[in-house]
Amino acid sequence: MTLAAHIPTAREFDNNVLALDPAAEVERIVQTLREQVLGVLGRRGAVVGLSGGIDSSVVAALCVRAFGNDKVLGIFMPEHHSSDDSLRLGRSWAAQLGIDTVLEDISPALEGLGAYRRQIEAIRTVVPEYDEGWKCKLVLPSVLASNGLNITRLTVQSRDGSTRTVRLSSNAYRQIVAATNFKQRVRKMTEYYHADRLRYAVAGTPNRLEHDLGFFVKQGDGIADVMPIAHLYKTQVYQLAEYLEVEEEIQRRPPTTDTFSMPQSQEEFYFALPYHQMDLCLYAVNHGIPSDEVAEAIGLTAAQVDLVFRDIDAKRRVTRYLHARPLLVTQVFED
């Protein structure tokens, strides 16, 4: 069964609703990539930013199948706050794929843009003693524990390892996010440099959870020439990873943003639930499946699932502009 072959009714809804035929889906994506990149775009191959995570690893493997390992370039783009595991795992998988790679340390660019300085300035408005020896991350409490607005907070870690979590002013929050977004934008700019010099296409790595719910940076990881897995729920990306024999350690690695200096899961930063539950809730919203059917499948109450449904709707509203093209005074038509 391919991804679009069958839409179950509510009575059939269970934890297997997102099961697909990995071989058929890989073949479909590979064929589409060839048509899009070689035909529509007139490019010769693909550039992939490798993070050592499941999404970029799967996209790289798909591109190798589509274009051959001699027409895929993997780019490592660490910076001061990157996990060492990201580079180690990315290099290991690239070696198994047999693709060329380049290492682009983006720290100097971020320093030149003031990304680190601006982040620290914002944090000091709520934690005055914060300095470069400290670490931080943004955290979002689970929507299931919220009685109203789900407000992002800041967790800081001092030099002695002690941590505390504080509320942020709206100005501080926006500046921290704005400064941090430099990272995704510099990475994408770097990918396009290499794509331009090689006449390759930039392959984006967002999955459906990220693409649908706006978990990306505009003109950063939200932009690409092709997005091979944006239609796949995270659970399905793991199914493809197993079929493509992605390195076991990558498959076991918890999804992470690898954006802040403290370790941070995607769940605590943005999503309301672990991805396997969030996938099913998003699928249910997309296909009109009632909350009581979902609750039975994922072990929550119908009231809790309703909270998640509302959170999905709220995220879509707030991030709709991320998907929007530039607004024109009047429509411009091409011949």
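Side chains included, hydrogens not; waters and symmetry mates left out as well; all remaining heavy atoms used.
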Practice task
Measure centre to centre between the rings of Y238 and Y275, then say whether the value is under 6.0 Å.
Solution key: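 Ring centres of Y275 and Y238 closer than 6.0 Å.
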Side-chain contact test, heavy atoms from C-beta onward, threshold under 4.5 Å: evaluate it for [X] versus [Y] and give yes or no.
{"X": "F76", "Y": "R91", "value": "yes"}
{"X": "L110", "Y": "H80", "value": "no"}
{"X": "S86", "Y": "R253", "value": "yes"}
{"X": "P22", "Y": "E242", "value": "no"}
{"X": "C281", "Y": "V294", "value": "yes"}
{"X": "L138", "Y": "T180", "value": "no"}
{"X": "V308", "Y": "Q277", "value": "no"}
{"X": "N171", "Y": "T125", "value": "no"}

Got a sec: does the [atom1] of [X] have more than 12 other heavy atoms crowding it under 6.0 Å?
{"X": "K218", "atom1": "NZ", "value": "yes"}
{"X": "Q31", "atom1": "CD", "value": "yes"}
{"X": "R167", "atom1": "CZ", "value": "no"}
{"X": "E132", "atom1": "CD", "value": "no"}

Might you point out which heavy atoms bring [X] and [Y] nearest each other, and give the distance in Å?
{"X": "G74", "Y": "L50", "result": "CA-CD1, 3.8 Å"}
{"X": "H231", "Y": "P228", "result": "CE1-O, 3.1 Å"}
{"X": "V48", "Y": "S56", "result": "CG1-O, 3.9 Å"}

Do NZ/NE/NH1/NH2 and the carboxylate oxygens of [X] and [Y] come within less than 4.0 Å?
{"X": "K315", "Y": "D311", "value": "yes"}
{"X": "E191", "Y": "K188", "value": "yes"}
{"X": "E249", "Y": "R252", "value": "no"}
{"X": "R88", "Y": "D85", "value": "yes"}

Problem - Reference residue E121; test salt bridge (Lys or Arg N to Asp or Glu O under 4.0 Å); the match among R124, R117, R118 - result: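 Of the listed options, the one satisfying the test is R117.
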Distance, nearest 0.5 Å, that separates [atom1] of [X] from [atom2] of [Y]:
{"X": "S291", "Y": "D306", "atom1": "OG", "atom2": "CG", "answer": "3.5 Å"}
{"X": "I75", "Y": "S51", "atom1": "CD1", "atom2": "OG", "answer": "12.5 Å"}
{"X": "T256", "Y": "K137", "atom1": "OG1", "atom2": "NZ", "answer": "9.0 Å"}
{"X": "I298", "Y": "Q304", "atom1": "CD1", "atom2": "CD", "answer": "8.5 Å"}
{"X": "Q236", "Y": "L20", "atom1": "CD", "atom2": "CG", "answer": "4.5 Å"}
{"X": "S82", "Y": "L87", "atom1": "OG", "atom2": "CG", "answer": "8.5 Å"}

Problem - Side chains of Y192 and D225, donor plus acceptor under 3.5 Å - result: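 A pair is found: one side chain offers a donor N or O, the other an acceptor, under 3.5 Å apart.
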Exercise for the section: Give me the ring orientation class for F216 and H211: parallel if the planes are under 30° apart, tilted from 30 to 60°, perpendicular past 60°. Expected result: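 Aromatic pair F216/H211 classed parallel.
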Are [Y] and [X] connected into the same hydrophobic cluster when the rule is that any two of I, L, V, M, F, W, Y join if their side-chain heavy atoms are below 4.5 Å apart?
{"X": "L240", "Y": "F67", "answer": "yes"}
{"X": "W134", "Y": "M262", "answer": "no"}
{"X": "I106", "Y": "V202", "answer": "no"}
{"X": "V217", "Y": "M77", "answer": "no"}
{"X": "W93", "Y": "V237", "answer": "yes"}

